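This report refers to the structure that appears directly beneath it.
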Amino acid sequence: YSTVHLNQLLEKAEVISGRMLRFSVFYRNQHKEYFDHASQQHLATQSGQTAFCPTFLFKWTFLSFPCFPSIGLLRGIAPGYTTVSLLKLQLLSTLLSALEAQENRMLPSVKDNSGSHGSPISGKLEGIFFSCNTEFNTGKPPQDSPYGRLRFEVRADALFNPDTNLYFGDFYCMYTAYHYVILVLAPKGSRGDDFCKQRLPALDIGNNRFLTCNQDDEGGLVFHHAQDVILEVIYTEPVDLALGTVAEISGHQLMSLSTINAKKDPSCKTCNISVGR
């Protein structure tokens with residue numbers, strides 16, 4: 001899709017977005033293994049856990065050296081190794097330093113092929129999916145989820161604030177009455193922000209029909225989301241688990257509502273445009 005096509009989708013989505021409801025957290029549901037993986041990386045680096053590489057039979061301790069140690073330094077600690085083996089050690093140290101940098105964080109991954117087949121972000125944009133929809137009667141996130149029984153919640157202002165740009169990404173449905181709007185949150189000047197500026201319609205964070213951030217009379221930030229569409233919010237940067245909390249939900253895991261690689265209904269008149277799906 002060109003930006004012209006995306007603006008046509010945007011206008012269609014605005015028609016059915018409904019009134020705005022207040023919310024305070026973004027959340028992401030996953031299985032236990034997802035959060036264990038991030039936490040175990042953190043614990044490994046904190047404890048100085050060793051890694052064994054059979055290629056050159058060298059026991060390497062996480063945090064031992066800064067990124068890209070010099071060959072001279074490595075030759076000093078590993079006399080007798082060939083230059084090729086030392087280069088392998090140098091590469092391993094670089095990889096382990098990268099792991100250290102990822103500790104205790106959820107990392108962006110490439111968006112799947114769900115939604116419109118012409119979407120410019122599918123298979124290209126890297127980010128982390130979050131939700132923000134709330135239950136009408138409680139004002140809190142729903143207790144059911146299609147993605148896992150553990151939920152990470154983070155204050156809305158940690159991801160969405162005046163230093164963040166907001167973009168419209170897609171509008172689709174999956175042969176059901178539910179309609180989904182994909183939005184992208186990108187910190188200003190970030191790699192994700194540069195990607196979106198060239199491809200997606202930008203939204204005014206304080207005045208749009210889907211997701212808003214405004215200041216109240218006391219200078220605090222107030223957030224609202226559209227009631228009548230399900231928002232899928234992609235945040236383009238890593239998120240530290242320490243910024244929020246992880247807890248088990250009390251509801252059901254509704255696998256039938258998963259949108260992973262979901263195909264858009266090409267016959268829906270609400271969310272399709274003249275160029276096709």
Side-chain angles (χ1 to χ4, degrees), residues 1 3 5-29 111-122 125 127-147 151 153 156 159-160 164-186 196 200-214 222-235 251 254 256-273 277:
Y1 286 164
T3 53
H5 298 140
L6 288 171
N7 276 306
Q8 291 176 6
L9 278 180
L10 169 61
E11 292 171 1
K12 280 179 163 283
E14 288 176 334
V15 172
I16 69 162
S17 60
R19 68 181 183 130
M20 303 293 283
L21 300 179
R22 189 162 177 171
F23 76 101
S24 60
V25 297
F26 289 103
Y27 56 93
R28 176 180 174 86
N29 279 68
K111 183 193 172 297
D112 65 6
N113 290 316
S114 60
S116 302
H117 82 284
S119 170
I121 60 177
S122 292
L125 178 67
I128 306 170
F129 268 103
F130 283 93
S131 300
C132 64
N133 289 82
T134 56
E135 293 180 325
F136 174 76
N137 57 336
T138 66
K140 297 180 178 180
Q143 283 301 310
D144 298 329
S145 170
Y147 302 112
R151 172 173 292 166
E153 289 190 6
L159 307 185
F160 191 24
T164 312
N165 281 329
L166 176 65
Y167 299 91
F168 174 83
D170 201 3
F171 177 45
Y172 71 100
C173 70
M174 305 181 300
Y175 302 89
T176 68
Y178 301 108
H179 276 86
Y180 297 81
V181 171
I182 297 179
L183 303 175
V184 182
L185 285 175
C196 294
L200 303 179
L203 300 176
D204 181 342
I205 68 169
N207 183 25
N208 68 81
R209 298 293 302 274
F210 310 112
L211 189 71
T212 61
C213 169
N214 289 287
V222 179
F223 305 90
H224 290 84
H225 71 81
Q227 176 184 0
D228 293 343
V229 291
I230 299 175
L231 298 181
E232 296 183 311
V233 181
I234 302 176
Y235 187 72
L254 305 176
S256 62
L257 297 181
S258 172
T259 62
I260 298 176
N261 287 315
K263 302 304 179 186
K264 182 174 182 176
D265 178 1
S267 65
C268 178
K269 295 182 180 179
T270 300
C271 61
N272 282 284
I273 55 178
R277 293 172 289 167

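Computed from a prediction, not measured in an experiment: that's the story for all the values here.
- With values rounded to the nearest 0.5 angstrom, Cys213 atom SG is found 10.0 Å from Leu166 atom CG.
- Ser116 is listed as a side-chain neighbour of Tyr1, based on a closest heavy-atom distance under 4.5 Å.
- Formation of a donor-acceptor pair under 3.5 Å by the Ser122 side chain with backbone atoms of Gly115 is not found in this model.
- Of the inter-residue distances, the one linking Ser119 atom OG with Leu125 atom CG reads 8.5 Å to the nearest 0.5 angstrom.
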>> Apply side-chain contact (heavy atoms from CB on, under 4.5 Å) to residues Leu159 and Phe130 and explain how you reach the verdict.
In response: CA-CA 10 Å; Leu159 307 185; Phe130 283 93; 3.9 Å; yes
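- Residues Phe210 and Leu10 form a side-chain contact, since some pair of their non-hydrogen atoms from C-beta on lies under 4.5 Å apart.
- Side-chain contact between Tyr175 and Pro266 is present, with at least one heavy-atom pair separated by less than 4.5 Å.
- Using a 4.5 Å cut-off on side-chain heavy atoms (C-beta onward), His5 and Ile273 make contact.
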>> Pair Ile182, Tyr172 - check side-chain contact (heavy atoms from CB on, under 4.5 Å), show working.
In response: CA-CA 9 Å; Ile182 297 179; Tyr172 71 100; 3.9 Å; yes
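- Shown here for Val25 and Glu153, the closest heavy-atom pair between the two residues is CG2-OE1, 4.0 Å.
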> Can you check side-chain contact (heavy atoms from CB on, under 4.5 Å) on Phe223 and Arg22, steps first, answer last?
Replying inline: CA-CA 6 Å; Phe223 305 90; Arg22 189 162 177 171; 5.9 Å; no
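- Of the N and O atoms on the side chains of Lys140 and Thr134, not one donor lies less than 3.5 Å from an acceptor on the other residue.
- Between Ser17 and Ala226 the shortest heavy-atom distance is O-CB, 3.4 Å.
- In this structure, SG in Cys132 is found 10.5 Å from CD in Glu232, a value given to the nearest 0.5 Å.
- Arg151 has its side chain within reach of Pro141: a pair of non-hydrogen atoms, C-beta onward, lies under 4.5 Å apart.
- Under the rule for a side-chain hydrogen bond (donor to acceptor under 3.5 Å, both in side chains), the partners of Asn165 that lie at least two apart in sequence or sit in another chain are Asp193.
- In this structure the side chain of Val181 never reaches within 4.5 angstrom of the side chain of His179, judged on heavy atoms.
- Note: Asp170 CG to Ile234 CD1 = 9.0 Å, rounded to the nearest 0.5 Å.
- Counting all heavy atoms, side chain and backbone alike, Asp228 lies closest to Ile16 at CB-O, 3.2 Å.
- Interatomic distance, OG1 of Thr176 versus CG of Asp265, reported as 8.5 Å (0.5 Å rounding).
- At least one donor-acceptor pair closer than 3.5 Å links the side chain of Lys111 to the backbone N or O of Ser114.
- Of all non-hydrogen atoms in Asn208 and Thr212, the two that sit nearest each other are O-CG2, 3.5 Å.
- Shown here for Asn133 and Val229, the closest heavy-atom pair between the two residues is ND2-O, 3.0 Å.
- No donor-acceptor pair closer than 3.5 Å links the side chain of Lys12 to the backbone N or O of Asn7.
- For the residue pair Glu135 / Thr138, a side-chain donor-acceptor distance below 3.5 Å is found, with atom types taken as modelled.
- Considering only heavy atoms from C-beta on, Leu6 comes within 4.5 Å of Pro120 through its side chain.
- Less than 6.0 angstrom separates the ring centroid of Phe23 from the ring centroid of Phe26.
- Among residues two or more places apart in sequence or in another chain, the ring pair (Phe, Tyr, Trp, His ring centres under 6.0 Å) test is passed with Tyr27 by none.
- Summarising the geometry of Phe160 relative to Leu185, their closest heavy-atom pair is CD1-CD2, 3.4 Å, with the distance given to 0.1 Å.
- A distance of 9.0 Å separates NE2 of His117 from NZ of Lys264, quoted to the nearest 0.5 Å.
- Contact of the Tyr235 side chain with the Val184 side chain is not registered, since no non-hydrogen atoms from C-beta on lie closer than 4.5 Å.
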